[in-house]
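Reviewing the structure listed below.
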Amino acid sequence: MRASQLFFPTLREVPSEAEMVSHQLLLRGGFIRRVGAGIYDYLPLGYRVIKKIEQIVREEMDAQGAQELLMPMIIPAELYQETGRWQEDVLFRLKDRADREYALGFTHEEVITDIVRRDVRSYRELPLNLYQIQTKGRDEPRPRGGVVRGREFIMLDAYSFDRTFDEMDLAYEKMRVAFSRIIARCGLDAILVEAESGAIGGKENEEFMILAESGEDTVLRCADCGYAANVERCEIGHRNGEKPRLHEEHLRMVDTPGQRTIEEVTQFLGRKPEELVKTLIYTAGGEIIAALVRGNRDLNESKLARLIGAKRVEMADAETIERITGAEVGFTGPIGLNNVRIVADREIASMTNFVVGANKTDAHYLNANLDRDFKVDLWGDIRIASSGDPCPRCPGTLDSLRAIEIAHIFKLGTLYSEAMGAKFLDSDGCEKPFVMGCYGIGVSRMLAAIPEVYHDSDGMIWPISVAPFEVAILLLNPEDDQQCDAAARIYEELQMKGVDVLLDDRDERPGVKFKDADLIGIPIQVVCGKLASEGRVEVRLRSQKDKQAVALDTASSQVMFLREALFRELQEKADRFYIGRVLKV
RNA sequence: CGGGGCGUAGCGCAGUUUGGUCAGCGCGCUAGUUUUGGGAACUAGAGGUCGCGAGUUCAAAUCUCGCCGCCCCGACCA
């Protein structure tokens with residue numbers, strides 16, 4: 001491709017709409033443009049990267065026996081209604097001229113399950129793994145970071161169907177390998193973490209996380225044993241007898257006029273947040289729950305729901321709280337709270353003489369103590385883990401890291417097949433629901449995650465496997481015949497060998513060409529400049545500062561050598577993953 | 001949905017407090033000349049319903065009201 005023919009509008013200044021480095025660079029390099037909030041154009045350079053990522057995805061998915069198909073983007077309401085997901089608020093809904101309802105596909109479990117229930121009858125047709133690479137629509141509450149979280153985005157979604165849970169486990173394992181290899185071939189290092197399943201459902205699931213300070217997610221990891229989990233999910237280890245209980249002082253009610261928040265109460269009473277116990281009123285189905293966590297902790301709603309066996313819990317409204325406690329919001333406490341199940345975080349067991357709300361407006365209790373003043377009905381791990389918390393698997397300590405979620409894999413079991421009546425006839429003559437898994441990679445998110453990790457002050461540095469071009473030839477002075485001839489020769493030789501090469505033949509000054517080549521991050525640069533008069537050109541890797549002068553005759557074979565080395569490095573990275581040995585931190 | 005910020009030429013911004021002197025600057029773009037190893041110099045140009053709509057006023061980018069859009073933080077979320 002000749003740069004003079006290529007549409008890549010680069011910007012000298014950082015557009016004000018972008019905060020994340022990758023977002024800034026993708027805009028500046030002419031890879032993407034914003035159309036609306038969370039909606040982007042992929043310009044030629046950006047789309048080249050997307051297509052390369054997709055190709056890697058196809059190769060690795062096919063290698064595990066998955067088959068590509070394509071499902072619709074417009075999904076009739078009835079399909080999502082079958083599983084109750086029509087209620088999901090990320091759905092983009094639309095109506096046709098006859099007022100029939102549809103949604104843009106946001107993930108395709110229902111659609112694929114519908115395909116399989118119609119046309120797969122026998123265990124003989126299993127296992128089956130079907131995937132697509134498609135644009136998804138999700139009405140995200142808050143798009144951010146350019147294509148990191150868009151309302152429209154390109155995703156690989158794969159779905160496995162098996163006879164048994166054991167076979168599903170194997171399908172899941174294969175996808176773990178495929179995903180690990182895809183991510184490695186794209187040049188990234190992921191860590192695999194336990195996660196919440198969210199709107200997809202199912203129990204066991206893991207996310208592939210790319211460590212990055214600018215990431216939206218928080219991961220907690222134990223350096224000793226390797227346990228890692230999304231903060232939404234992360235368990236907290238329990239240490240017995242961490243702190244000796246102190247002498248129990250007399251319970252005392254004190255006036256705390258208008259002091260509602262932890263911050264206000266601690267300030268007013270001159271106590272530390274960790275000397276308080278927060279009492280949070282939740283509703284779960286019809287039941288009211290009082291949940292207790294230490295003052296400086298946050299409650300994890302998923303953990304609470306799981307502990308009490310509810311599908312989900314919701315913070316009670318002010319009216320409910322006043323009815324239950326007899327006090328305004330801000331003065332809730334466990335003492336004298338009747339007809340409410342009291343659930344407490346295990347950490348509270350080691351606390352003595354703590355502060356709680358008095359269930360009386362403008363009052364708190366000092367020196368509250370367990371058992372003496374109130375009883376806990378259920379103990380458990382219900383708070384959000386944070387850096388420094390004990391590891392749940394070993395005596396180690398958890399560390400907190402920021403990350404970008406690039407992929408998520410789920411063991412669904414029979415969640416969807418049962419809800420939708422998708423069954424096959426097994427060898428024993430019994431009808432059974434398919435055992436399913438589903439697997440997603442954010443392809444367009446990868447477009448952002450890669451430069452988020454690989455960049456310097458001059459621009460992006462693409463891994464060769466996904467670079468918009470593998471080699472850039474910088475023809476510094478197109479008026480100079482020797483430089484032109486040198487550039488044309490290398491260009492042709494490389495093209496002949498199937499190399500994806502960009503020839504910068506634009507009528508621009510050298511500085512512009514250097515800056516643009518660096519900005520768009522082409523991994524190998526060939527400079528055809530003054531040295532052409534001596535029959536030499538310079539070769540440079542984008543990732544390194546120094547250039548190497550080489551004879552024109554050997555230039556293209558030099559480039560081929562570097563190219564092979566770069567590809568080999570990525571391939572070796574991917575080859576660390578195979579069935580029986582997958583990524584684990 | 002809550003909090004904060006922003007909206008003036010393709011991009012980055014000044015001007016808004018205190019209405020008139022206000023359609024400005026830098027980059028980019030067009031033409032010409034010179035230049036050609038890290039975002040060239042000079043000359044001459046093109047480009048704007050100042051987000052939209054009402055209102056106040058002799059007069060509105062500037063004040064008032066309403067609306068829309070975008071970004072960030074939070075809530076929420078594959």
Side-chain angles (χ1 to χ4, degrees), chain A residues 9-20 23-24 27-28 30 33-40 85 88-91 105-109 136-146 148-151 153-159 195-202 205-209 214 216-217 230-233 298 301-302 312 314-315 404-410 412 438-445 457-459 474-480 483-484 504 506-519 525 527-533 537-538 540 545 547 549:
Chain A
T10 56
L11 304 173
R12 295 189 182 207
E13 283 175 285
V14 179
S16 59
E17 72 188 63
E19 189 90 351
M20 277 177 81
H23 189 194
Q24 295 176 350
L27 286 168
R28 283 191 57 210
R33 287 291 183 261
R34 197 193 73 228
V35 177
I39 305 171
Y40 287 83
R85 292 209 295 180
E88 289 291 331
D89 51 14
V90 295
L91 249 57
F106 75 114
T107 173
H108 281 59
E109 284 75 13
K136 297 280 185 278
R138 287 189 197 174
D139 193 2
E140 290 284 351
R142 182 144 103 78
R144 72 185 95 185
V148 169
R149 178 171 298 271
R151 294 197 297 167
F153 58 98
I154 301 169
M155 172 166 128
L156 156 85
D157 45 323
Y159 306 87
E196 281 294 341
S197 60
I200 303 285
N205 70 94
E206 292 163 295
E207 291 168 327
F208 290 79
M209 292 289 194
S214 56
E216 307 183 77
D217 287 274
N230 192 311
V231 66
E232 296 163 358
R233 173 77 202 215
D298 293 310
E301 294 183 0
S302 313
R312 57 176 300 183
E314 252 177 296
M315 194 85 101
I404 298 169
E405 177 198 348
I406 205 69
H408 201 158
I409 56 179
F410 303 78
L412 296 173
C438 73
Y439 319 91
I441 294 185
V443 172
S444 50
R445 183 175 284 181
S457 57
D458 292 319
L474 310 192
L475 169 53
L476 294 191
N477 185 357
E479 310 277 288
D480 181 311
Q483 294 185 23
C484 272
D504 195 345
R506 291 176 301 167
D507 182 21
E508 290 286 355
R509 293 172 63 83
V512 174
K513 299 184 184 186
F514 284 121
K515 289 289 184 191
D516 276 347
D518 286 351
L519 176 61
Q525 297 177 359
V527 181
C528 297
K530 279 175 184 157
L531 295 181
S533 61
V537 297
E538 288 152 302
R540 176 196 170 217
K545 278 272 170 287
K547 295 170 191 158

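Letters A, B, ... mirror the listed sequences (proteins, then strands); counts begin at 1.
To the nearest 0.5 Å, atom CG of residue D516(A) and atom OG1 of residue T10(A) are 3.5 Å apart. Distance CD/E405(A) to CG/D217(A): 5.5 Å, rounded to 0.5 Å.
Comparing A44(B) with G39(B), their C1' atoms are spaced 23 Å from each other, to the whole Å. As rounded to the nearest Å, G38(B) and A75(B) have P atoms that lie 49 Å from one another. A54(B) and A46(B) have their P atoms separated by 31 Å, given to the nearest Å. For G20(B) and A61(B), the C1' atoms lie 13 Å apart once the distance is rounded to whole Å.
Residue-level contact check: G440(A) touches neither bases nor backbone, having no heavy atom under 4.0 Å from any strand. Using a 4.0 Å heavy-atom distance criterion, E88(A) is classed as making no nucleic acid contact. At a threshold of 4.0 angstrom between heavy atoms, the contacts of P141(A) include nucleobase atoms, whether or not backbone atoms are also involved. Counting non-hydrogen atoms under 4.0 angstrom, D458(A) reaches nothing in the nucleic acid. Here E232(A) lies in heavy-atom contact (under 4.0 Å) with a base. D516(A) comes within contact range of at least one nucleobase, with a heavy-atom separation under 4.0 Å. Contacts of G201(A) with the nucleic acid, taken as non-hydrogen atoms under 4.0 Å apart, are absent. Note on I441(A): nothing from the nucleic acid sits closer than 4.0 angstrom, heavy atoms only.
Rounded to a whole Å, the NZ atom of K545(A) is 20 Å from the P atom of G37(B). The distance between atom CZ of R12(A) and atom C1' of C13(B), rounded to the nearest whole Å, is 17 Å.
Of the candidate nucleotides G12(B), G39(B), C71(B), G39(B) has the atom nearest to the side chain of R28(A). With C70(B), A75(B), G38(B) as the candidates, the nucleotide lying closest to the side chain of D518(A) is G38(B).
RNA chain B is contacted by both F410(A) and N477(A); N477(A) maps to the nucleotide lying nearer its 5′ end (nearest heavy atom per residue).
Dashed line: the shortest gap from a side-chain N or O of K515(A) to OP1 or OP2 of G38(B) is not under 4.0 Å.
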